[in-house]
Amino acid sequence: MPLEKSQIEDAVSRIPSMGGRQIGEHLRQLAAQTTMDSCIVEVGAWLGAGTAQLALGAKNAEPVPDIHVFDHFHASESEVTKAAAAGVELKKGQDTRSVVESHLANLDASIHLHKGRIEEIRWEHGPIGLYVDDASKDVADFNHILRAFGPSWIAGETMLVLMDYGYWKKFAHDPAMEKRLRIQTDFITSNDDYFEMVNERPIKGTSAAIIKYVKPFDFSAVPAIARK
């Protein structure tokens with residue numbers, strides 16, 4: 001028997017979150033505005049809190065978009081600790097894909113989970129209207145993301161939610177780490193003819209930014225960098 005709306009909202013509110021729930025209102029709105037028969041892509045879902053927000057918003061889009069989620073679905077020690085604090089029990093090294101599937105089971109959405117490392121990601125599912133990233137923090141990962149997904153972004157339409165856009169600001173004490181983590185900010189600001197900042201701090205206390213892709217960019221020119 002389908003759950004009532006209030007039951008779904010309650011279940012979604014209890015999914016452990018590293019930011020997806022905090023910016024949930026923005027994710028729902030952007031998902032609902034996805035147009036041109038395009039997909040929604042999320043890289044870095046953890047346990048599905050942000051995915052759930054995207055699914056709830058996508059129900060209001062026309063046509064309703066597919067949601068493609070990419071994650072390693074592998075519980076690290078720190079993730080076990082964070083999940084426990086939110087009332088979800090995980091074991092170190094556990095495959096979390098089934099956990100995410102259970103969290104999303106009652107949302108009646110077309111969600112496709114893709115398990116693997118960032119450098120293994122390939123894209124062949126058509127135009128992307130909304131791209132959400134909570135994983136590609138360093139140069140090698142972000143460059144791979146740009147090369148994999150960028151050619152399917154729609155100039156003048158695609159919205160990007162880069163949840164680690166300002167993450168580097170937390171590392172003023174470590175200049176080397178700060179420089180390494182500035183990749184998203186440096187790329188967007190150095191290519192501001194192609195990207196428009198919509199909201200750099202959608203929710204106080206997060207590192208997220210909302211950006212619009214406004215002009216065709218040659219993503220083949222982005223260098224492929226091997227992970228160290």
Side-chain angles (χ1 to χ4, degrees), residues 1-76 78-116 125 128-135 159-164 199 201-208 210:
M1 182 177 180
L3 297 181
E4 295 182 358
K5 182 178 179 179
S6 61
Q7 293 174 306
I8 292 175
E9 291 287 354
D10 179 63
V12 165
S13 72
R14 289 186 278 106
I15 301 174
S17 173
M18 292 189 194
R21 185 170 63 248
Q22 289 85 331
I23 65 168
E25 180 180 347
H26 296 277
L27 295 179
R28 293 192 193 201
Q29 182 179 20
L30 291 168
Q33 294 171 348
T34 304
T35 60
M36 296 181 65
D37 198 20
S38 56
C39 299
I40 294 173
V41 169
E42 180 186 28
V43 177
W46 192 35
L47 298 180
T51 318
Q53 301 295 330
L54 292 169
L56 291 172
K59 290 183 177 181
N60 297 312
E62 183 58 46
V64 177
D66 286 349
I67 302 172
H68 290 268
V69 180
F70 296 82
D71 198 282
H72 60 183
F73 297 113
H74 180 87
S76 67
S78 65
E79 290 173 336
V80 171
T81 301
K82 291 174 182 177
V88 174
E89 182 180 351
L90 300 177
K91 295 181 180 179
K92 183 180 177 180
Q94 177 180 344
D95 185 327
T96 58
R97 181 168 177 165
S98 62
V99 178
V100 175
E101 288 174 339
S102 68
H103 287 163
L104 306 176
N106 294 306
L107 296 181
D108 189 28
S110 180
I111 302 173
H112 309 270
L113 304 183
H114 306 273
K115 179 179 172 65
H125 302 285
I128 299 168
L130 173 59
Y131 174 79
V132 181
D133 191 320
D134 194 20
M159 302 298 292
L160 315 178
V161 180
L162 301 182
M163 296 182 69
D164 292 313
N199 194 337
R201 295 296 293 273
I203 297 292
K204 186 177 181 180
T206 75
S207 299
I210 299 173

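- Note on K5 versus E9: no salt bridge recorded, every NZ/NE/NH1/NH2 to OD/OE distance being 4.0 Å or above.
- By the 6.0 Å contact criterion, CG on D37 is open, its count of non-hydrogen atoms from other residues, nucleotides or ligands being 12 or less.
- Closest heavy-atom contact between H26 and I210: ND1-CD1, 3.9 Å.
- Here the CG-CD1 distance, from N106 to I8, works out to 6.5 Å after rounding to the nearest 0.5 Å.
- Side-chain contact between L130 and L54 is present, with heavy atoms from C-beta onward closer than 4.5 Å.
- Using a 4.5 Å heavy-atom threshold, the side chains of Q22 and S17 count as touching.
- By the side-chain hydrogen bond (donor to acceptor under 3.5 Å, both in side chains) test, D71 pairs with no residue at all, sequence neighbours left out.
- By the salt bridge (charged side-chain N to carboxylate O under 4.0 Å, His left out) test, D164 is found to be paired with K137, residues two or more places apart in sequence or in another chain being considered.
- Across all their heavy atoms, A208 and I23 have their closest contact at CB-CD1, 4.4 Å.
- No side-chain heavy atom of V99 sits less than 4.5 Å from a side-chain heavy atom of F73.
- Remark: K59 NZ to D108 CG distance equals 5.5 Å, nearest 0.5 Å.
- The shortest non-hydrogen separation linking L90 to Q94 is CA-OE1, 3.3 Å.
- Counting heavy atoms from C-beta on, the side chains of V132 and M163 come closer than 4.5 Å.
- Across all their heavy atoms, H103 and P16 have their closest contact at CE1-CD, 4.1 Å.
- With sequence neighbours left out, the ring-ring contact (aromatic ring centres under 6.0 Å, His included) criterion links H68 to H112, H114, W123, H125.
- Tested against I111, the residues I40, V100, V69 include a single side chain to side chain contact (heavy atoms under 4.5 Å, CB included) partner, V69.
- Here CD of E101 is found 5.5 Å from CG of L113. Values are rounded to the nearest 0.5 Å.
- Nearest approach of H74 to T96, heavy atoms of both residues: N-OG1, 3.7 Å.
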Original post:
side chain to side chain contact (heavy atoms under 4.5 Å, CB included) between L160 and D133: does it pass, once the steps are laid out?
Top reply: CA-CA 8 Å; L160 315 178; D133 191 320; over 6 Å; no
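- With values rounded to the nearest 0.5 angstrom, Q29 atom CD is found 11.0 Å from N60 atom CG.
- Rounding to the nearest 0.5 Å gives a distance of 7.0 Å between CG of L47 and CD of E79.
- Counting all heavy atoms, side chain and backbone alike, P65 lies closest to A58 at CD-O, 3.7 Å.
- At a threshold of 4.5 Å between non-hydrogen side-chain atoms, the residues T35 and Q33 do not count as touching.
- Taken from CE in M36 to CD1 in I128, the straight-line distance is 13.0 Å, to the nearest 0.5 Å.
- K92 places no side-chain N or O within donor-acceptor distance of the main-chain N or O of S76, the cut-off being under 3.5 Å.
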